[in-house]
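Okay, structure first, notes after.
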Amino acid sequence: MNYNEIEKKWQDYWDKHNSFKAYNDIDKKPYYILVEFPYPSGTGLHVGHVRSYTAQDALARMKRMQGYNVLYPMGWDSFGAPAEQYAVQNRIHPKDAVRENINTFKRQMKTLGFSFDWDREFSTTDPDYYKWTQWQFLQFYKHNMAYKASVNVNWCPKCKSVLSNEDAAGGVCERCSTKVEQKRKNQWMLRMSSYAEDLLNGLDDTNFADRVKLGQINWIGKSSGIKLKIDIVGGGSFDIFTTCIETVYGITFFVIAPDGKLIEELLPRAQNKDEIKKYINETKLKSNMDRTEFQDNKTGVIIKGIKAIHPINKREIPIFISDFVLGDYGTGAVMAVPAHDQRDYEFAKTYNIDIIEVIKGGNINEKAYEKEDYLEKGCILINSEEFNNLTVEEAKEKIYEKLKKMGIAEKEDNYKMRDWIFSRQRFWGEPIPMIECPKCGWVMVEEKDLPVLLPDIAEYEPTDTGESPLAKIDEWVNCKCPKCGANAKRETDTMPNWAGSSWYFLRFMDPHNDKEFASMDAMKYWKQVDWYNGGMEHTARHLLYARFWVQFLYNIGLVPKKEMIWTRVSHGMILGSNNEKMSKSKGNVVNPDDIIKEYGADTLRCYEMFIGDYQMDAPWSTESLRGCKRFIDKVVRLKDKINPNLKGYSKKFEVIQNKTIKKITEDLVNLSYNTAVSALMILSNNYDDEKEISHEDYTLLLTLLNPIAPHITEELNEIIGNKPIVESLWPKYDKNKLTEDEITISVSVNGKFRGVIKTKVDENKEQIIKLAKECENVKKHIANKKIKKEIIVPNKIINFIVE
RNA sequence: GCCCGGGUGGUGGAAUGGCAGACACAAGGGACUUAAAAUCCCUUUCCCUUCGGGGAGUGCGGGUUCGACUCCCGCCCCGGGCACCA
């Protein structure tokens with residue numbers, strides 16, 4: 001059999017019959033399966049894509065056969081720096097590069113037989129799509145959720161672009177691994193931090209896997225503590241944030257951030273201004289390059305001439321600046337308790353500051369006794385006046401109450417998550433639809449003028465000045481102010497590529513709507529994404545951005561639900577056969593085209609499902625792939641075992657068939673694709689052990705295998721004269737026929753397996769014990785011994801305990 | 001340092017309290033064949049064995065249980081993420 005020809009035949013059949021079309025207006029239960037739409041890179045589809053697309057395809061195909069109206073869409077996340085860089089390198093316009101790459105991806109996906117509804121396809125770079133991305137940005141702006149601010153940004157000197165904190169994780173550019181520098185720039189920001197609490201709470205309305213939820217929680221990074229006002233000798237005050245108010249008597253110094261506002265306020269009063277200024281400048285230079293590395297040796301400068309007052313005992317306390325305190329977290333100032341915080345401890349050792357132990361139990365001569373060590377252990381306070389001998393937990397409350405009565409403390413939550421830096425100085429992104437007018441300031445582009453199209457130009461390479469290439473195009477930049485008509489200039493920054501992917505799943509619900517980004521009716525019909533699959537690397541940020549975007553739209557009444565994604569699952573990577581990430585340089589890349597050509601798409605699909613635990617990384621093995629080819633070949637050969645005279649399902653397969661239906665039906669929704677394939681292999685092996693099988697037996701195998709290997713099963717199914725599987729129903733199992741009449745019970749003596757007995761299901765106790773005792777090997781082990789106890793687990797095991 | 005995964009034969013992996021190693025791969029032996037491919041059969045965790053079996057075994061050390069890969073406590077190692085967040 002020529003697999004490639006058969007595959008083409010059925011792919012054409014599905015196309016022609018609209019087999020995978022999702023309908024917005026039929027009376028069927030909706031089911032929305034989403035895989036992350038890919039960035040169409042120049043290297044084509046990766047075998048990793050094949051893994052997740054096949055897994056979700058199998059689910060989609062089963063759900064359709066179960067009677068659902070399944071939406072399984074595909075599109076392209078084509079904006080962003082990688083597309084631009086590819087275009088620059090290959091000297092073609094990004095638009096052309098993207099079109100070319102999409103064609104390749106689409107051709108590859110078609111040869112794999114994925115059941116996408118291609119009628120809903122779009123690219124984030126389509127003006128019809130980014131029009132609505134821009135429109136939604138205007139909603140953010142209208143609702144005071146977008147603002148421009150001068151911020152220290154991560155700047156990649158190689159990509160010549162601003163990076164979000166997320167893109168600059170670890171102090172290096174995510175794309176090119178160049179060390180990131182700091183630059184102060186005017187940037188569009190989205191007030192994502194104001195959604196921190198909602199993004200945490202919203203997780204309760206989702207069915208994300210625990211590890212995904214945890215990723216979100218950690219990224220948001222909530223900590224609850226107390227904001228405390230600290231007075232300065234001679235007037236004035238500043239606030240600190242602490243989660244350990246119980247250590248308040250252990251304060252021996254304060255530290256404020258060199259990059260915060262507070263130091264600017266205090267500087268005029270300091271005696272050693274030059275020394276402080278010098279340190280501030282040093283911090284700016286090294287920030288993010290060296291600050292990402294944890295420093296054992298703390299540096300800092302004491303602020304001479306200014307002392308703080310301890311909030312309770314009114315002692316005078318020195319103030320330092322040090323770069324271990326961050327200007328943009330909490331209040332940018334901390335109370336330092338060296339006895340109970342390792343960072344403070346190191347700082348105190350370096351600068352010879354007192355260390356006062358206030359919680360008993362540690363050894364502060366060696367290191368700080370930190371909250372991780374003392375919390376919930378019943379530790380008590382010392383050196384804390386009226387609070388001595390209280391437990392930490394009691395003291396937390398009592399001390400807070402006292403400070404609150406004094407009017408200087410209140411509870412506060414802080415989050416690691418910051419506002420979203422939304423500007424990129426790039427050509428290949430959605431233009432931010434704003435105009436700066438010398439009279440009116442920032443003015444929104446009018447909705448009727450959307451989309452603000454990217455100009456068709458030849459010069460799209462990044463500039464050295466850090467401006468977007470768009471800034472060089474006068475005829476594009478210069479425009480009239482929509483408010484007053486004066487000469488004005490367009491914003492030349494573009495959006496990050498996270499923008500288009502933050503709402504694409506909504507567009508899939510209603511992709512051709514030219515009045516709205518998606519109609520409320522369509523969104524209400526589909527309700528939500530039932531099943532969202534993507535890589536682990538996107539479970540923190542992309543998912544957070546998307547949830548933020550949706551929650552905002554919900555709050556302004558534009559989407560029906562606050563969380564539009566119900567289940568999120570993530571797949572493991574396919575590694576090279578050397579167990580390393582596939583990469584050109586390592587020479588371990590497997591091209592799906594080659595595999596399909598040699599083994600067929602069904603074999604590739606089957607293998608990638610069989611390769612291992614779906615959520616774990618797995619190394620590629622061409623040998624194992626051949627095993628799946630053999631399995632497919634075996635299924636083909638089994639056709640010759642059909643005896644047309646046999647009617648109905650064969651009695652001898654009754655149990656294995658019902659078990660297999662149950663297993664596949666469950667495995668496909670439990671991410672247990674590998675055991676689903678194995679169950680099908682077992683069923684085939686059972687058939688193969690017999691001389692003949694019935695037409696129905698064979699049809700069942702084809703139907704169950706169809707979601708994973710759709711082409712060959714359709715072909716075989718047609719050959720034996722059935723109507724197409726894609727138009728058939730998913731089989732149901734009979735739960736009364738999942739076990740044999742006669743079952744095997746294992747017999748143990750003292751927990752050690754000694755033999756088996758065969759009995760009827762639910763045989764009575766006495767009979768089981770009798771049979772078990774008669775078992776040859778068991779007899780030996782209980783002979784001349786007193787049986788102290790008999791443990792019977794129905795239909796499973798019997799265990800004799802002897803002396 | 002913190003958080004999340006993971007550790008089971010030569011390999012990928014099954015088994016989530018009840019015969020560890022399902023299902024495959026690889027390897028070895030055999031059948032068919034002039035030969036090859038394809039296919040089929042057998043062996044394949046380790047040690048002992050009188051071939052009936054017996055003992056050990058799921059990273060290490062304890063514990064709970066009649067019974068633990070599975071649950072609990074304490075470690076070790078590998079992978080990934082975050083990283084001076086007060």
Side-chain angles (χ1 to χ4, degrees), chain A residues 166 169-171 210-215 217-219 221-223 225-226 240-244 247 254-255 257 291-296 298 322-326 328-337 340-344 346-347 370-372 414-418 536-537 539-540 572-573 575 577 579 607 610-613 615-628 630-631 633-634 637 672 674-682 684-685 688 744-756 776-777 780 788-793 795-802:
Chain A
E166 289 84 347
D210 283 346
R211 68 172 180 172
V212 175
K213 282 190 183 177
L214 265 165
I217 290 167
N218 290 340
W219 200 273
K222 177 177 182 172
S223 47
I226 282 156
I240 60 100
F241 173 71
T242 180
T243 56
C244 304
T247 64
F254 290 95
V255 188
R291 278 173 86 173
T292 49
E293 297 266 321
F294 187 88
Q295 302 280 318
D296 276 345
K298 299 271 181 288
S322 174
D323 62 8
F324 80 85
V325 175
L326 307 173
D328 59 352
Y329 181 78
T331 62
V334 299
M335 62 181 222
V337 183
H340 303 288
D341 183 291
Q342 191 58 27
R343 292 159 304 186
D344 301 348
E346 281 153 16
F347 194 88
E370 297 191 273
K371 62 179 170 191
E372 287 77 17
N414 272 295
Y415 305 88
K416 289 186 195 176
M417 191 178 69
R418 314 291 154 94
M536 207 50 209
E537 72 276 16
T539 51
M573 278 186 292
L575 304 172
S577 52
N579 240 310
Y607 170 60
F610 188 57
I611 195 165
D613 185 330
Q615 304 195 64
M616 306 271 264
D617 295 351
W620 179 268
S621 157
T622 304
E623 282 75 31
S624 266
L625 172 93
R626 287 199 193 103
C628 291
R630 257 173 244 158
F631 166 58
D633 288 343
K634 179 184 271 186
R637 279 198 312 276
S672 302
N674 55 338
T675 51
V677 175
S678 130
L680 291 163
M681 288 173 169
I682 294 170
S684 306
N685 291 344
D688 202 29
T744 305
I745 290 179
S746 54
V747 186
S748 304
V749 180
N750 285 348
K752 184 82 199 166
F753 170 76
R754 296 298 174 187
V756 294
E776 268 312 306
N777 201 30
K780 266 195 334 211
K788 278 170 28 187
K789 205 170 171 187
E790 291 155 347
I791 291 148
I792 301 169
V793 182
N795 302 329
K796 271 193 180 159
I797 197 166
I798 171 161
N799 189 9
F800 294 115
I801 310 304
V802 299

**Prompt:** Whom does B:G21 pair with, Watson-Crick or G-U wobble, provided both distances fall under 3.5 Å?
**Reply:** none
**Request:** Take atom C1' in B:C77 and the same atom in B:U58, then report the distance between them in whole Å.
**Result:** 16 Å
**Span that lies between the P atom of B:A22 and that of B:A14, in whole angstrom** = 13 Å
**Message:** Distance alone, cut at 3.5 Å: any donor-acceptor contact between the side chains of A:Lys416 and A:Asn218?
**Reply:** no
**Message:** Counting only side-chain heavy atoms from C-beta out, which of B:C84, B:C23, B:A86 sits nearest to A:Ser223?
**Reply:** B:A86
**Item:** C1' spacing across the pair B:C66 / B:G17, given as an integer number of angstrom
**Value:** 12 Å
**Mate of B:C60 where both pairing distances stay under 3.5 Å, Watson-Crick or G-U** = B:G74
**Request:** Could you state the atom-to-atom distance from NZ of A:Lys416 to P of B:C2 in whole Å?
**Result:** 13 Å
**Request:** Using the P atom on both, measure B:C4 against B:C71 and round to a whole Å.
**Result:** 16 Å
**Request:** Decide yes or no for A:Val677 and A:Tyr607: does some side-chain heavy atom of the first lie under 4.5 Å from some side-chain heavy atom of the second?
**Result:** no
**Prompt:** Can you check whether A:Phe610 reaches A:Met681 side chain to side chain, under 4.5 Å on heavy atoms?
**Reply:** yes
**Prompt:** Just by protein heavy atoms under 4.0 Å, how would nucleotides 8-18 of chain B read 5' to 3' in B, S and -?
**Reply:** ----BSS---B
**Asked** Taking the P atom of each, how far is B:G59 from B:G13, in whole Å?
**Response** 14 Å
**Prompt:** Has the side chain of A:Lys298 got a donor or acceptor that lies under 3.5 Å from a partner of the other kind on the base of B:C84?
**Reply:** yes
**Asked** Does some side-chain heavy atom of A:Met335 sit less than 4.5 Å from a side-chain heavy atom of A:Asp344?
**Response** no
**Asked** Tell me, for nucleotides 37-55 of chain B in 5' to 3' order, what letter each nucleotide earns: B for a base near a protein heavy atom under 4.0 Å, S for only sugar-phosphate near one, - for neither?
**Response** --SS------------SSS
**Message:** What contact category does A:Gly627 fall into here, base, sugar-phosphate, or nothing, at under 4.0 angstrom with non-hydrogen atoms?
**Reply:** sugar-phosphate
**Request:** Would you mind reading off the distance between A:Lys371 atom NZ and B:C2 atom P, rounded to a whole angstrom?
**Result:** 13 Å
**Between P of B:A24 and CD of A:Glu623, the distance in whole Å** = 17 Å
**Request:** Syn or anti for B:G9, please, going by whether the chi angle lies within 90° of 0.
**Result:** syn
**Asked** With nearest nucleotides of RNA chain B determined for A:Ser678 and A:Leu625 from heavy-atom distances, which residue corresponds to the more 5′ nucleotide?
**Response** A:Ser678
**Asked** Rounded to the Å, how far apart are A:Asn685 CG and B:A24 P?
**Response** 5 Å
**Prompt:** Considering Watson-Crick and G-U wobble pairs with both distances under 3.5 Å, what does B:C51 pair with?
**Reply:** none
**Asked** Which nucleotide, B:A24, B:C4, B:A86, lies nearest any side-chain atom of A:Met681?
**Response** B:A24
**side chain to side chain contact (heavy atoms under 4.5 Å, CB included) partners for A:Ala540, two or more places apart** = A:Trp219
**Prompt:** Expressed in whole Å, how much space separates the C1' atoms belonging to B:G9 and B:A20?
**Reply:** 11 Å
**Fill in**
Atom CD of A:Glu370 and atom P of B:C84 are separated, to the nearest Å, by 14 Å
**Request:** Please state the C1' separation for the pair B:C32 and B:U45 - nearest whole angstrom.
**Result:** 32 Å
**Asked** If you measure from the P atom in B:G53 to the same atom in B:U44, how many Å do you get, rounded?
**Response** 15 Å
**Fill in**
Taken to the nearest whole Å, CD/A:Glu346 to P/B:G1 is 13 Å
**Prompt:** Just checking, any donor-acceptor pair under 3.5 angstrom between side chains of A:Ser322 and A:Lys298?
**Reply:** no
